[in-house]
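Right, one structure below, let's go through it.
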Amino acid sequence: MRELEKRKSGKETINLVVIGHVDAGKSTLMGHVLYLLGHVNQRAMHKYENESRKAGKSSFAYAWVLDETGEERSRGITMDVAMTKFETPTKVVTLLDAPGHRDFIPHMITGAAQADVAVLVVDAARGEFESGFEAGGQTREHAMLVRSLGVKQLGVAVNKMDTVRKRRTRFRFDHMSTNNTNAADTIDYLFFLRRD
């Protein structure tokens with residue numbers, strides 16, 4: 001009944017898939033976004049922080065918002081598409097957090113096939129971004145797959161900029177933007193988002 005009321009509210013519905021190379025921080029980034037949007041309350045976040053710390057994976061607390069299975073949590077990777085909804089003032093967004101590991105490409109495709117738009121998360125750490133675009137890199141493959149599945153809008157989120165020395169962040173971002181564009185001659189819809 002509540003879903004029907006949302007549809008009648010006039011808000012546009014949109015399916016957003018989050019894709020990228022394994023360990024780019026997709027689940028952590030989206031878990032943090034959901035927390036900041038108020039979709040995850042303080043009590044639940046405290047629980048995730050305690051559980052991840054006890055498991056020796058304290059940096060995964062936000063990822064556990066979406067990675068709910070014991071196997072995903074123990075391995076530290078997303079294995080299936082996690083789905084949740086949140087709202088903005090004008091949209092109802094279904095968030096699809098797709099796995100990045102090559103063993104789970106069929107699951108990634110399942111999530112991407114449902115998407116209207118995508119966010120490609122890339123890791124700013126030296127070597128990580130580059131390996132994602134080399135032959136066999138999951139970053140390139142994911143971008144090409146979502147395009148072939150009909151996703152015409154793709155934003156790129158540069159994650160883990162804290163791993164880059166402070167005075168080199170602008171240089172690194174510009175380097176990645178240029179290389180990403182050059183690496184994606186067949187992917188003509190890439191653009192970069194930057195949060196200072």
Side-chain angles (χ1 to χ4, degrees), residues 3 6 9 11-53 57-69 72-73 76-101 104 107-108 110-112 114-125 128-129 132 138-139 142-143 146 151 153-164 169 172-173 176-177 180 189-196:
E3 192 65 33
K6 285 181 187 175
S9 73
K11 288 187 175 184
E12 179 185 2
T13 58
I14 177 176
N15 295 330
L16 167 71
V17 68
V18 181
I19 59 171
H21 197 70
V22 66
D23 292 333
K26 299 173 297 297
S27 299
T28 300
L29 181 63
M30 290 301 103
H32 198 177
V33 167
L34 290 169
Y35 174 71
L36 292 173
L37 289 172
H39 187 71
V40 180
N41 65 40
Q42 184 67 37
R43 184 176 181 191
M45 199 63 236
H46 184 69
K47 177 184 167 205
Y48 295 138
E49 288 168 352
N50 285 336
E51 289 175 355
S52 63
R53 191 177 316 107
K57 298 181 180 287
S58 60
S59 66
F60 286 75
Y62 287 114
W64 286 16
V65 169
L66 294 162
D67 292 343
E68 296 179 336
T69 70
E72 286 179 319
R73 289 179 175 186
I77 60 171
T78 302
M79 298 168 68
D80 203 351
V81 177
M83 184 174 74
T84 191
K85 290 187 185 242
F86 65 90
E87 289 188 47
T88 71
T90 60
K91 293 180 178 42
V92 176
V93 180
T94 301
L95 174 65
L96 303 157
D97 180 36
H101 194 282
F104 305 108
H107 297 280
M108 178 271 173
T110 299
Q114 302 171 59
D116 302 308
V117 297
V119 173
L120 176 67
V121 178
V122 296
D123 186 339
E128 293 299 320
F129 168 78
Q138 294 307 109
T139 307
H142 283 209
V146 294
V151 176
Q153 295 179 358
L154 178 98
V156 178
V158 179
N159 201 17
K160 302 186 183 182
M161 285 296 283
D162 58 330
T163 64
V164 178
T169 57
R172 181 67 176 152
F173 181 83
M176 292 171 67
S177 299
N180 200 12
Y189 61 112
L190 293 179
F191 63 92
F192 275 76
L193 307 172
R194 181 167 187 223
R195 188 188 82 184
D196 286 320

Just so I know, are the side chains of His32 and Thr28 near enough to count as touching, which here means a heavy-atom distance under 4.5 Å?
no

Closest non-hydrogen contact found for Gly31 with Leu66 is N-CD1, 4.0 Å

Item to complete: Using distance alone, with no hydrogens and no angle criterion, decide if Ser52 and Lys57 have a side-chain donor and acceptor under 3.5 Å apart.
Response: no

* Asked: Is any side-chain heavy atom of Val122 less than 4.5 Å from a side-chain heavy atom of Asn159?
  -> no

In Asn15, Val119, Leu34, the residue satisfying side-chain contact (heavy atoms from CB on, under 4.5 Å) with Leu95 is Leu34

* Asked: Can you check whether Val146 reaches Leu154 side chain to side chain, under 4.5 Å on heavy atoms?
  -> yes

Rounded to the nearest 0.5 angstrom, the CD1-OG1 distance for Ile19 and Thr139 is 9.0 Å

Here the gap from Thr78 atom OG1 to His101 atom NE2, rounded to the nearest 0.5 Å, amounts to 11.5 Å

Practice problem: Give me the ring orientation class for Tyr62 and Tyr35: parallel if the planes are under 30° apart, tilted from 30 to 60°, perpendicular past 60°. | Solution: tilted

Minimal heavy-atom distance between Ala44 and Val40, with the atoms involved, is CB-CG1, 4.0 Å

- prompt: Stepwise, does the side-chain contact (heavy atoms from CB on, under 4.5 Å) test hold for Tyr48 with Val65?
  reply: CA-CA 7 Å; Tyr48 295 138; Val65 169; 3.7 Å; yes

Would Arg73 and Glu51 pass as an ion pair if we require N to O under 4.0 Å? yes

For Leu120 and Gly20 the tightest heavy-atom approach is CD1-CA, 3.8 Å

Inset, instruction - May I ask you to test the Ile14-Val117 pair for a side-chain heavy-atom distance under 4.5 Å? - result: yes

Quiz item: With side chains defined as the heavy atoms from C-beta onward, is the minimum distance between His39 and Thr84 less than 4.5 Å?
Solution: yes

Discussion item. Show, in sequence, the C-alpha distance, side-chain angles and deciding distance for Thr94 and Leu16, and conclude whether the side-chain contact (heavy atoms from CB on, under 4.5 Å) test is met.
Written reply: CA-CA 6 Å; Thr94 301; Leu16 167 71; over 6 Å; no

**Prompt:** Is Lys11 close to Lys91 at the side-chain level, that is, under 4.5 Å between some pair of heavy atoms?
**Reply:** no

From the list His21, Lys26, Lys160, side-chain contact (heavy atoms from CB on, under 4.5 Å) partner of Asp123 resolves to Lys160

When Met108, Met30, Gln114 are each screened for side-chain contact (heavy atoms from CB on, under 4.5 Å) with Leu96, the one that passes is Gln114

**Item:** Working for side-chain contact (heavy atoms from CB on, under 4.5 Å), residues Phe104 and Ile77
**Value:** CA-CA 10 Å; Phe104 305 108; Ile77 60 171; 3.7 Å; yes

May I ask you to test the Val151-Asp116 pair for a side-chain heavy-atom distance under 4.5 Å? no

Separation between OG1 (Thr110) and CG (Asp80), nearest 0.5 Å, reads 8.0 Å

Heavy-atom check, side chain of Met79 versus side chain of Pro99, under 4.5 Å:
no

